[in-house]
Amino acid sequence: MRPAHIALAVLVAAAWGVNFTVIEVGLDHFPPLLFCALRFLVAALPAVFFVGPPKVAWRWVLGVGLALGVAKFGLLFIGMHEGMPAGLSSLVLQIQAVFTALFAAVFLAERPTRVRLLGMGVALAGIAVAAADEGTSGPLLGFVLVIAAAAFWGVSNVLTRKAAPPDALAFMVWVSLVPVLPLLGLSLMFEGADPDLQALARIDWAGAGTIVYVAWVTTVFGFGVWGFLLRTYDASAVAPFSLLVPVFGMSSAALVLGEGISPARWLAAALLVGGVALTSLPAAWWRGARGPRAALGQRDASGQRDASGPGLPLGRSLRPRRRAAAADARGPERAAPAAPEPAGTSASRTPSTASRPSPPG
């Protein structure tokens with residue numbers, strides 16, 4: 001990758017990591033479901049008037065919008081509202097790679113490799129360590145809700161893979177339209193009209209800034225740049241940068257919010273990042289090859305492309321907090337086009353691997 005494009009990949013990972021800290025700040029200004037609805041409303045408008053149509057069946061737009069927007073981000077925002085720390089949320093949410101692999105095995109009939117199974121085990125060990133640490137030092141309910149959010153992220157990844165959108169940014173903008181009304185309805189039901197109206201009436205520059213960041217920076221800018229990188233390079237070259245998200249998430253939460261990082265949390269981070277790397281990075285990457293056939297960019301037997309998203313016990317009112325204390329992920333990845341077979345090549349020859357497109361300019 002060109003140095004400028006490496007810098008862009010790191011910048012996107014940093015934006016997605018800092019996003020968790022911004023969410024934490026935003027939850028002090030808005031009830032979680034209202035905040036989530038505003039996030040998608042601003043992400044979709046006015047961008048929807050400038051991007052082309054999603055170029056996939058509308059059922060995929062609806063399915064991903066409900067799984068990713070309503071379930072995944074709704075659970076994440078509520079989990080953080082319940083006290084789940086921003087830095088730990090950025091780390092625990094990466095277990096979505098394990099859920100994605102499991103759902104792909106069940107619904108797409110993909111048989112996980114031994115390396116991927118090993119990665120799942122290592123990542124789950126990291127979750128166990130984090131759960132034990134959080135159970136003694138923080139609210140376990142918030143931890144469970146973020147795990148549930150990661151599971152729905154896995155669902156949206158599988159749906160996105162089946163949809164195989166040719167334009168990740170346009171797809172995400174249209175997907176962002178879907179959860180707005182469901183989230184507003186849930187907010188009115190469980191958070192109440194009065195708290196919502198009071199939060200909107202008290203909106204200040206800090207609150208507005210959090211909405212702009214989570215909508216335009218993490219969604220429009222983040223997915224737009226990520227999609228550009230995946231159109232320019234092999235998925236195996238771009239995907240590893242997503243492992244930097246929890247690094248920036250935990251670091252920004254420690255610097256801005258003063259969140260401590262215990263030795264157990266460091267151990268959980270090492271296990272989770274290592275397990276996710278084994279689970280989601282291409283097999284060719286581990287062999288030192290540069291081919292795109294792998295967990296984050298390969299086509300399975302049915303010809304589908306892997307695409308990962310780069311995030312409710314509602315018995316009581318969920319109002320904004322007044323304390324200082326936080327997927328997106330990955331966008332859908334695209335495999336590089338296969339290199340043409342040279343003229344005169346024997347029919348018995350093994351087909352060549354996909355080539356990497358040259359960067360523009």
Side-chain angles (χ1 to χ4, degrees), residues 12-13 16-17 19-20 23 63-80 84 86-108 110 112 116-117 119-128 130-131 142-163 168 172 175 218-219 222-223 226 235 238-250 268-269 271-281 294-297 306-311 326-333:
V12 171
W16 285 344
N19 180 55
F20 291 88
I23 292 173
V64 175
L66 293 175
L68 183 69
V70 178
K72 182 255 184 175
F73 278 105
L75 288 167
L76 172 64
F77 280 36
I78 293 175
M80 294 182 63
M84 182 68 169
L88 187 59
S89 296
S90 71
L91 175 65
V92 170
L93 203 63
Q94 303 310 310
I95 199 67
Q96 59 85 18
V98 173
F99 285 113
T100 301
L102 289 174
F103 295 150
V106 174
F107 298 106
L108 302 180
E110 295 182 0
R116 179 168 286 188
L117 290 173
M120 292 182 191
V122 174
L124 290 174
I127 288 294
F143 185 92
V144 173
L145 291 175
V146 174
I147 293 290
F152 277 102
W153 194 0
V155 172
S156 72
N157 288 342
V158 173
L159 293 175
T160 302
R161 174 169 183 168
K162 293 291 291 184
M172 279 304 303
V175 161
T218 64
T219 301
F223 280 102
W226 198 255
V238 179
F241 288 95
S242 66
L243 297 177
L244 295 175
V245 171
V247 176
F248 286 110
M250 296 178 70
L271 291 171
L272 261 171
V273 172
V276 168
L278 288 170
T279 301
S280 59
L281 292 186
L296 287 174
D306 191 3
S308 298
D328 277 273
R330 290 171 293 184
E333 279 99 0

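Hydrogens, waters and symmetry mates play no part in the numbers below; they use all other heavy atoms, side chains included.
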- Query: If every non-hydrogen atom of Val155 is compared with every non-hydrogen atom of Ala67, which pair is closest and at what distance?
  - Reply: CG1-CB, 4.1 Å
- Side chain proximity check, Trp226 to Ser242, heavy atoms < 4.5 angstrom: yes
- Task: Under the side-chain contact (heavy atoms from CB on, under 4.5 Å) rule, collect the residues that match up with Leu102, sequence neighbours excluded.
- Result: Val98, Met120
- Query: Tell me, do Ile127 and Leu271 make a side-chain contact under 4.5 Å, heavy atoms counted?
  - Reply: no
- Mind checking whether Phe107 and Leu159 have side chains closer than 4.5 Å, heavy atoms only? no
- List the atom of Phe241, the atom of Ala13, and the distance in Å for their closest heavy-atom pair. O-CB, 3.5 Å
- Which atoms form the tightest heavy-atom contact between Met250 and Ala269, and what is the distance? SD-CB, 4.2 Å
- Note on the structure: In this structure, OG of Ser156 is separated from CZ of Phe99 (nearest 0.5 Å) by 12.5 Å
- Message: Please report the interatomic distance OG1(Thr218) to CG(Asn19), rounded to the nearest 0.5 Å.
- Response: 4.5 Å
- Task: Heavy atoms only: give me the nearest Leu91-Pro246 pair and the separation to one decimal.
- Result: CA-CB, 3.8 Å
- Leu68 versus Phe152: any side-chain heavy-atom pair under 4.5 Å? no
- Task: Locate the shortest heavy-atom distance separating Val276 from Gln94; write the atom from each residue and the value.
- Result: CG2-O, 3.3 Å
- Message: Taking side-chain contact (heavy atoms from CB on, under 4.5 Å) as the definition, give me every residue that meets it alongside Val146, ordered by chain and number, with sequence neighbours left out.
- Response: Leu76, Met84, Ser89, Val92, Leu93
- State, to 0.1 Å, how close Ala123 and Ile95 come at their nearest heavy-atom pair, and which atoms those are. CB-CD1, 3.7 Å
